[in-house]
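Order of the sequence lines sets the chain letters (A, B, ...), proteins ahead of strands, with each chain counted from 1.
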Amino acid sequence: MSKLVFLVPLFPLLGFLVNGLGRKSMSKSLVSVVGSGAILASFVVSLLLFFDVKANGGAVSTLFNFIDVDGFKIPFAFQVDQLSSLFLLIITGIGFLIHLYSSAYMHEEEPQHFGRYFAYLNLFVFSMLLLVMGANYVIMFIGWEGVGLCSYLLIGFWFKNNNYNYAARKAFVMNRIGDLGFLLAVFWLLFKLGTATYGEVFTAANLAKLSSFDITAITMLLFVGAMGKSAQIPLYTWLPDAMAGPTPVSALIHAATMVTAGIYMIARSNILYTMAPATQTLVAVIGLATAIFAATIALKQNDIKKVLAYSTVSQLGYMFLGLGVGAYTGAVFHVMTHAFFKALLFLGAGSVIHAMHHEQDIRKMGGLKKHMPVTHLTFLLACLAIAGIPPFSGFFSKDEILTASYGVSPLYYYIGVAGALMTAFYMFRLYTLTFLGKFRGTHEQEHHVHESRWQMTVPLIVLAILSVVGGLVGIPEVFAEHAHSLEHFLAPIFAESAKMAEHHHLEASQEYLMMGGSTLAIIIMIVFAVNRYKKYQATEAENAGVSKLLENKWYIDELYDAVIVNPLNALAGFFKNIIEKSGIDGLVNGVGRMVSYGSRQLRLLQSGQVGNYILIMVLAMVVFFLIWFNDNTIVQLFNKLF
Amino acid sequence: MPIQYYIYFCLTLFSIGIVGVLTRRNAIVVFMCVELMLNAVNLLLVAFSKMHHQVGLGADGAASQAGIDGQLFVFFIMVVAAAEVSVGLAIIVMMYRNTHSVDINFLNRLKN
Amino acid sequence: MSTTEILFFFLSALAVFCAVMVLVSKNPVHSILWLIMVFMAISGHYVLMNAQFLAIVNLIVYAGAIMVLFLFVIMLMNPNTETEPRKHIWMKFAGVISGGCFLLMLVSLTRQAVEMGGRNVMMSGGNIGLIKNLGKALFSDYVVPFEITSVLFLSAMVGAVVIGKK
Amino acid sequence: MIPVFLILIPLVAGLVSFFLKEAKTAKAWSLFASLVILAVAVTGIFFLHGANLFYDVPWLSEMGSRFSLLTDGMGKMLLLLTTISFPVIFIATYHNDYKNPGSFYGLMLLAQAGLIGVFVAGDALLFYFFWELALIPVYFLCSLWGGEKRIAVTFKFFIYTFIGSLLMLVGILYLYYQTPDHSFALQSFYNLKLSIGSERFIFWLFFIAFAIKMPVFPFHTWQPDAYEQSPTSVTMVMSGVMVKMGIFAAIRWLLPIFPNASLQFANIIIILSVTGMLYASLIAIRQDDIKRLIAYSSIAHIGLMCAAIFANNKTGMEGVMIQMFNHGVNVIGLWIVADTIEQRLGTRKFSELGGLAQKAPALAILLVVMSFANIALPLTNAFVGEFLMFNGLFRYNIWMAAAAGVSVILAAVYTLNMVQKVLYGNTVERTANATEISGNVKWILVVLVIIVIALGVYPQPMIDMTKDTVHAILYNR
Amino acid sequence: MNAIIVSALLGVVMMFSGIFTKNRSTYTAIAVAGLVLLLAANLLNTYGIYVLHIDTHSLLSFEQFGMFFNSIAIAATLIYVLLSGKAIEKMGVNVADHYALIFFVLCGVSILSSFNGLLMLFLGIEIMSIPLYILTGADKRNLKSNEASLKYFLMGAFSTGIMLMGITLIYGGTGSFTLGIDKSLSSGGLIPRTSFLEIAGMILLFVSMCFKVSAAPFHFWTPDVYDGAPGVFTSFMATIVKAAGFIAFIRLFDQHTLGLGVTWKLLLGFVIVATLLIGNITAVFQQSVKRMLAYSSIAQAGFMMFALYAGNDMAKEGILLYASAYCLATIGIFSVLIKMKDYTFDGFNGLAKTQPVLALATTICLLSLAGIPLTAGFFAKYYMLAAVVKTGSSLGLVVIAVLFAAVSVYYYFRVIQAMYFKEGEAEAEDVTTPYKIGLLLLAGFIILTGIFPSIILNWFYF
């Protein structure tokens with residue numbers, strides 16, 4: 001079976017090449033067929049692999065030696081095990097749906113840009129696959145930066161608009177900052193162990209070689225990488241700006257797959273983290289903080305995609321909370337469910353935007369329920385899922401994380417729940433403003449609003465189904481023994497950590513209580529939100545105070561500019577204009593100027609007067625005699641000097 | 001007569017010549033001072049030759065020719081001096097023809 | 001104090017005095033005359049040291065020919081028209097000072113020359129100064145340089161001609 | 001025998017080219033010659049072994065210098081770089097017109113001869129000869145065909161380099177007299193056992209020469225001006241191949257001869273290099289001129305190489321080896337783009353450019369790939385080199401590695417800034433009616449891109465090629 | 001010996017040739033023939049064949065070194081006459097006499113290359129100098145020329161006085177006029193410091209030699225004289241004469257540099273640094289190429305002093321190589337310079353357009369002077385530096401020297417820049433094809449020597 005592995009990334013790569021090179025000649029339909037077909041093909045292969053893994057465990061298949069120096073050896077190898085196969089499914093599956101969706105969504109583009117779009121998208125899937133399939137950190141890093149590249153290209157897809165380009169650059173650079181951490185961690189591993197292959201790093205023998213400081217440092221650095229990729233505090237600001245890209249892209253890259261790479265990476269190296277409690281605490285705290293912080297911002301955003309973006313950041317925070325408290329399964333579980341419903345939300349938003357002719361401000365929407373029923377229904381389901389209403393998928397995954405975090409510290413739990421409440425609030429604020437109430441847009445908009453084509457609705461429906469039933473793979477133990485099939489599936493990956501981490505099981509009664517309580521609170525919050533915004537008018541008072549602060553995202557971007565960007569620019573200018581020109585180059589030229597000045601002075605010695613010449617000669621002779629008499633002292637002087 | 005006397009005396013003459021070269025501006029006088037230096041040298045040479053001659057006499061009898069080379073050298077110096085004078089005066093005269101002056105301070109077309 | 005010594009000191013004093021006069025006298029003609037006096041004194045020294053040949057040659061060549069040549073040149077460009085204008089005083093000063101330093105250096109150096117201690121100049125004895133011996137030596141050992149000086153004179157002659165020609 | 005051919009062919013071809021008056025013939029001739037050289041080099045490197053790659057005849061026997069050429073792994077790779085880059089340059093600039101082209105191409109070929117000589121010289125005096133021989137033609141090229149400030153700038157560059165090489169000459173002489181058998185041979189230099197004192201002194205004589213050539217901060221100020229002023233094809237030679245002379249020399253003529261000194265001063269030099277990286281990257285952020293930007297970015301890259309050399313471990317050294325080649329390819333690619341833009345639009349300022357991606361998509365794609373190669377994105381060749389070099393630097397000192405890593409982030413900033421300003425956004429009046437790039441440029445860039453990707457995906461051959469050298473340098477002390 | 005006799009006779013011949021013919025190019029022809037003859041005679045001498053046997057009473061000693069230098073000097077003169085014969089003919093009315101004087105100078109040179117003892121040194125220097133005073137003033141109508149010759153003469157006479165005083169003191173100290181084979185030195189040990197007179201004498205002698213080879217701070221006559229003298233004769237003075245001065249210098253002091261120990265090195269080092277400094281730095285700002293070359297000749301002298309400083313066999317070889325390289329290059333440049341209308345740097349602007357051959361040859365000569373590899377000049381400098389490094393000490397001095405060499409590049413390349421990179425209409429008069437060919441041959445030889453210096457050196461080893 002493992003000889004099929006290389007096919008998985010191969011198909012998207014081929015799709016990329018075909019679409020990229022033939023983008024001028026091929027028709028749109030052909031392009032979309034190729035693009036989506038490639039992903040579909042690798043989805044099929046992934047399915048085969050998945051069942052293969054389910055049946056008889058993971059396997060590593062090496063293609064060739066990527067780098068082989070005598071410091072270390074890095075094979076270009078793929079590792080397909082429970083974790084990666086699960087991600088394969090998510091990536092290719094959702095990827096396919098989004099490709100399908102895009103073929104309709106992007107239909108207005110000129111052929112060659114259409115082709116370019118699909119090429120990028122395929123390339124992204126390819127890199128993402130490298131990321132999750134790589135059998136060592138270097139291959140993962142290749143995919144890691146590859147997805148960064150694609151996100152850069154796709155955010156800046158409409159490159160005529162310079163703001164989009166800036167957003168793209170911001171995303172790439174911020175990712176780069178994280179990547180540096182990742183890279184240093186890899187160097188550290190290579191330095192200490194001489195290998196970066198999971199199979200070798202995670203052996204007890206090698207782990208024993210690492211001092212606890214090493215492990216803490218490595219995990220910290222890896223986590224820095226994760227911050228960049230998965231948009232955690234302080235490196236999260238690029239994600240909201242990344243919404244400049246086409247909506248399907250946001251759905252695929254900035255919701256479902258790429259941003260979860262950080263979670264994947266930490267889950268992949270879970271053992272290291274379990275061995276580094278300090279880092280775990282950090283991860284948990286950062287995650288939680290991000291979750292709350294992003295949620296607060298999301299409360300007051302008016303751009304439909306921005307809301308979703310911040311909610312993504314917040315949900316990612318939950319996942320890191322899960323990782324931090326050692327609920328690796330929960331984190332991965334949440335990745336999966338979140339992929340379903342967040343992709344669904346974005347696609348829904350996309351279909352709305354598409355219908356509204358690229359109007360993204362929810363204050364100008366409303367009452368779309370009757371115009372586009374499918375979108376509305378699926379969107380509602382997704383909202384329920386993310387809000388965490390049982391038995392939708394979000395409930396199970398989020399609950400699992402929160403429960404685990406309660407085990408570590410109740411404080412985590414309460415803050416987490418608070419975040420969940422906010423989630424429920426802003427999601428239903430969004431839902432209400434968009435679909436309920438009466439239409440607040442212009443007339444021709446209202447006239448044109450229509451349900452989208454099948455290529456767009458089918459993915460919506462599929463995803464809706466998934467986000468409704470997706471949670472059932474992870475039913476908590478309290479409901480039924482061994483019901484948590486995901487946990488059993490992933491058990492081999494986290495076995496080691498599970499051994500190390502101590503398990504604190506809650507009383508079933510208390511767990512029921514927590515579930516019930518949180519659910520109740522959420523429902524109340526939903527009702528409140530719906531009522532609050534049902535009667536919303538475009539003419540509402542300007543925000544003030546805290547809400548203004550929230551609307552402006554706590555002014556974090558401005559803060560970064562003031563603290564980091566501008567000083568750096570100033571420094572660069574100082575170097576360029578002062579140090580370089582006057583300082584170093586000035587010094588170099590100064591030598592030359594000194595020479596010519598000396599020349600101008602020395603030639604005055606040549607006065608043209610024979611008398612002076614002879615005078616100098618005589619004096620020189622006198623000096624010679626002096627030298628001759630005092631030779632010893634002079635020699636000693638020289639010896640002192642040199 | 002101790003040799004030091006001659007040494008100091010000739011060195012004095014020599015230095016006077018140098019001082020003359022340095023202080024006078026008339027090319028001819030400067031040249032004369034050079035001649036003065038040469039004469040000081042001649043005298044010193046003769047003195048030395050006589051000095052060495054005495055040593056020679058002490059060493060190998062009355063037939064000794066020691067120190068004679070010194071006097072011959074003086075002879076050659078005179079010869080050379082004569083030649084130099086002829087050329088030098090010719091040059092000075094030529095100079096005088098073109099610029100009606102022999103003042104060396106006016107020799108400053110070439111400088112720097 | 002023997003006569004030689006008296007003569008020595010007298011001639012030396014005379015020579016130095018005249019040499020100084022050469023420097024200080026404004027008129028070039030006077031300088032020449034003073035210079036002739038110096039040469040006379042030096043010839044006297046030669047006689048003292050029994051270097052007869054050189055004494056005579058010195059008189060004939062220097063005091064006679066060369067100085068006359070100078071004299072002619074001076075006459076040729078009658079110096080009365082241009083009385084030598086002042087040279088910068090500091091230039092004179094510097095000249096004297098540096099010349100003095102030079103003298104000082106050489107003297108102090110020869111004072112350290114201990115091997116000169118007690119060496120005497122043979123006065124009025126020895127025969128190397130006589131024309132006979134000098135002639136022998138000149139045409140036996142020193143014939144090559146003697147011939148070579150002819151080249152010197154040739155070049156000097158040619159030079160004088162080249163320069164002198166209108 | 002092969003090295004002799006490699007030196008002789010360009011030499012003769014160059015001399016012939018001086019007599020070619022017609023532009024067409026000169027171009028064709030030099031292109032043909034360079035292709036022949038490439039062919040010879042490839043044959044020599046890949047198909048011939050042993051004695052064919054060495055050559056040794058008495059030359060200045062009374063001075064103990066021999067005309068001895070040798071080719072080790074590093075030499076092979078740099079030969080490959082040199083011989084590839086020249087045809088590439090000739091093709092890419094095929095449509096540029098120079099006044100009296102015969103001399104231009106002649107000097108180019110002479111420069112190539114000198115460069116090749118430097119890379120194969122196995123005798124210190126010979127090495128010095130070629131070192132200068134490579135410099136002189138470049139001096140004339142820049143001063144004759146350069147920009148308006150060319151004379152002063154090039155002269156600065158020349159004097160700067162000349163001082164360095166003279167100091168090196170003194171060092172060479174000193175070593176020569178230290179050798180028991182009074183010979184300039186590389187091997188007898190390697191066998192030297194110097195007193196630490198003299199090592200300390202002579203080390204700097206050599207290092208300054210190489211540092212100026214590389215150039216390492218703070219000896220770099222000649223470089224941006226020179227790159228900006230000289231004709232782009234010459235700039236390609238300078239930054240693509242010539243700067244490698246410094247690195248190459250530091251590896252072959254510095255480390256093995258002064259092992260103790262190079263260990264002792266490693267910290268100073270690495271600090272210098274890393275400072276230079278950050279410094280150059282920051283300045284590059286503020287540049288508005290494509291050429292100057294590339295110049296500064298290449299200073300940053302060279303700084304990393306220099307640091308990795310002195311990190312004194314095989315990983316870093318391996319990285320330097322392959323990065324020498326990769327940097328050559330990438331920077332030449334960037335220069336080609338810069339040149340086409342300048343030729344077509346008559347400006348190099350970002351502020352006057354924009355929106356080229358709409359007008360010249362091919363150019364856009366190629367430039368983007370080259371830029372990402374420049375910032376060492378994985379699966380491009382530069383990644384492998386920098387990965388190894390950072391690794392080596394990390395082994396030397398983690399903080400240095402981290403600091404150097406910051407410059408990678410900055411690299412992303414300025415490179416993407418360039419890409420965005422040049423390609424994206426809306427067209428401005430200069431670029432309003434720009435057209436797609438001409439075929440020769442396009443295809444040569446495609447070739448380069450293929451090299452970039454190929455070496456990025458499968459760098460192992462390069463690593464194997466230079467393994468032996470690394471071992472020899474680091475362990476035969 | 002042959003050289004001395006033949007050159008003297010040839011001088012006489014040239015004198016009288018002035019009577020029989022008035023055709024100027026005939027003089028050149030005769031001179032060339034004479035030089036060939038002279039060269040042949042000298043080569044015969046080197047192989048031990050004499051025209052007539054004369055017992056010099058060990059006043060002259062004909063060592064291979066000196067003979068070989070003679071050949072170089074004569075050959076250089078030959079090249080010089082061939083290249084700038086035309087210019088010599090143009091100079092003044094009495095061309096024959098000028099040639100005669102040149103031959104007399106050669107006679108002096110060959111005495112200096114074989115003197116043994118201070119008497120012959122003195123005579124040689126005078127024989128060499130007196131004709132030069134005349135040649136300097138050869139351009140009688142030109143005030144600069146007059147001034148130059150008067151200055152040269154006065155200072156020359158003064159330095160003669162200094163030298164004689166030195167000789168006298170040495171004689172007083174040692175009782176002999178032979179310096180080279182001094183009893184106190186034959187042991188190779190230090191000079192007994194008791195003989196202060198000799199030391200004083202040697203310092204004065206050293207000073208006067210420094211004057212002759214124009215080493216700072218006794219160089220002051222050089223720029224003025226070289227600038228004022230007619231270009232043709234400047235090139236003769238700056239090359240052959242100066243080289244001869246160095247040969248004399250080295251033959252005079254070579255054993256002594258070992259004997260006199262550290263103080264000697266101190267003095268020499270002082271002089272060398274001063275010379276390099278003044279020569280190079282002052283040349284930078286000059287506007288006239290001729291004057292620049294004068295200063296550059298001072299700078300080159302600074303390099304040649306290294307031969308004295310090192311004082312080993314390598315230095316002797318080196319000085320020969322240096323002399324030939326320096327003479328060739330300078331003669332070439334001057335032969336171009338005296339054809340130019342305008343001696344300033346701007347006068348060379350755009351020469352590469354109007355006279356590519358001249359420009360090329362000049363460039364090669366300049367590169368050789370600057371000591372760029374692949375030219376003879378490189379090995380010249382190389383040998384000097386190597387000789388010093390060989391002594392194992394004073395590496396710092398060498399570093400200083402190379403730094404100044406870099407400075408020298410600055411002013412040499414100004415000419416190249418003017419010729420190639422600047423726009424202008426440089427004019428050169430009567431550039432004939434044979435002249436061009438000769439120039440190219442010269443340049444070619446310089447390059448050849450730069451690649452295989454053994455061409456010259458192997459002669460030395462016969």
Worksheet item: Do C:Leu35 and C:Phe39 have side-chain heavy atoms sitting under 4.5 Å apart?
Response: yes
Discussion item. Within the 4.5 Å heavy-atom criterion, are C:Tyr46 and C:Phe53 side-chain neighbours or not?
Written reply: no
Does atom [atom1] of [X] have more than 12 heavy-atom neighbours, drawn from other residues, nucleotides or ligands, at distances under 6.0 Å?
| X | atom1 | answer |
| --- | --- | --- |
| C:Met21 | CE | yes |
| C:Phe93 | CZ | no |
| C:Phe72 | CZ | no |
| E:Ile54 | CD1 | yes |

Practice prompt. Begin from the C-alpha positions of C:Val144 and E:His57 and carry the test side chain to side chain contact (heavy atoms under 4.5 Å, CB included) through to its verdict.
Written response: CA-CA 8 Å; C:Val144 173; E:His57 300 283; 5.5 Å; no
Worksheet item: Are E:Met67 and E:Asn70 close enough, and set up right, to give a side chain to side chain contact (heavy atoms under 4.5 Å, CB included), and what steps lead you there?
Response: CA-CA 5 Å; E:Met67 290 300 100; E:Asn70 275 358; 3.6 Å; yes
At a heavy-atom separation under 4.5 Å, does [X] approach chain C through its side chain, its backbone, both, or neither?
| X | value |
| --- | --- |
| E:Asn146 | neither |
| E:Ile203 | neither |
| E:Leu204 | side chain |
| E:Leu135 | neither |
| E:Ile127 | both |

Item to complete: With a 4.5 angstrom heavy-atom cut-off, could you sort out which part of C:Phe153 is near chain E: side chain, backbone, both or neither?
Response: neither
Discussion item. Taking side chain as everything from C-beta outward and backbone as N, CA, C, O, which of these in C:Ser140 sits under 4.5 Å from a heavy atom of chain E? Side chain, backbone, both or neither.
Written reply: backbone
Worksheet item: Does the side chain to side chain contact (heavy atoms under 4.5 Å, CB included) test come out yes or no for E:Asn42 and E:Asn2, once each step is laid out?
Response: CA-CA 6 Å; E:Asn42 188 64; E:Asn2 295 359; 5.9 Å; no
Item to complete: Kindly indicate, with the supporting measurements, whether the criterion side chain to side chain contact (heavy atoms under 4.5 Å, CB included) is fulfilled by C:Met105 and C:Leu109.
Response: CA-CA 6 Å; C:Met105 281 297 153; C:Leu109 197 134; over 6 Å; no
Worksheet item: Going by residue number, which parts of residues 8-20 of chain E are within reach of chain C, meaning a heavy-atom gap below 4.5 Å?
Response: E:Ala8, E:Val12, E:Met15
Response to the item:
Checking heavy-atom separations under 4.5 Å from chain C, one finds in residues 99-111 of chain E E:Leu101, E:Phe104, E:Cys107, E:Ile111
Discussion item. side-chain hydrogen bond (donor to acceptor under 3.5 Å, both in side chains), that's the test. Do E:Ser159 and E:Ser208 meet it? Break it down for me.
Written reply: CA-CA 5 Å; E:Ser159 78; E:Ser208 58; over 6 Å; no
Worksheet item: How are the rings of C:His45 and C:Phe8 set to each other: parallel, tilted or perpendicular (split at 30° and 60°)?
Response: perpendicular
Discussion item. Can you confirm whether or not the ring centre of E:His98 sits under 6.0 Å from the ring centre of E:Phe233?
Written reply: yes
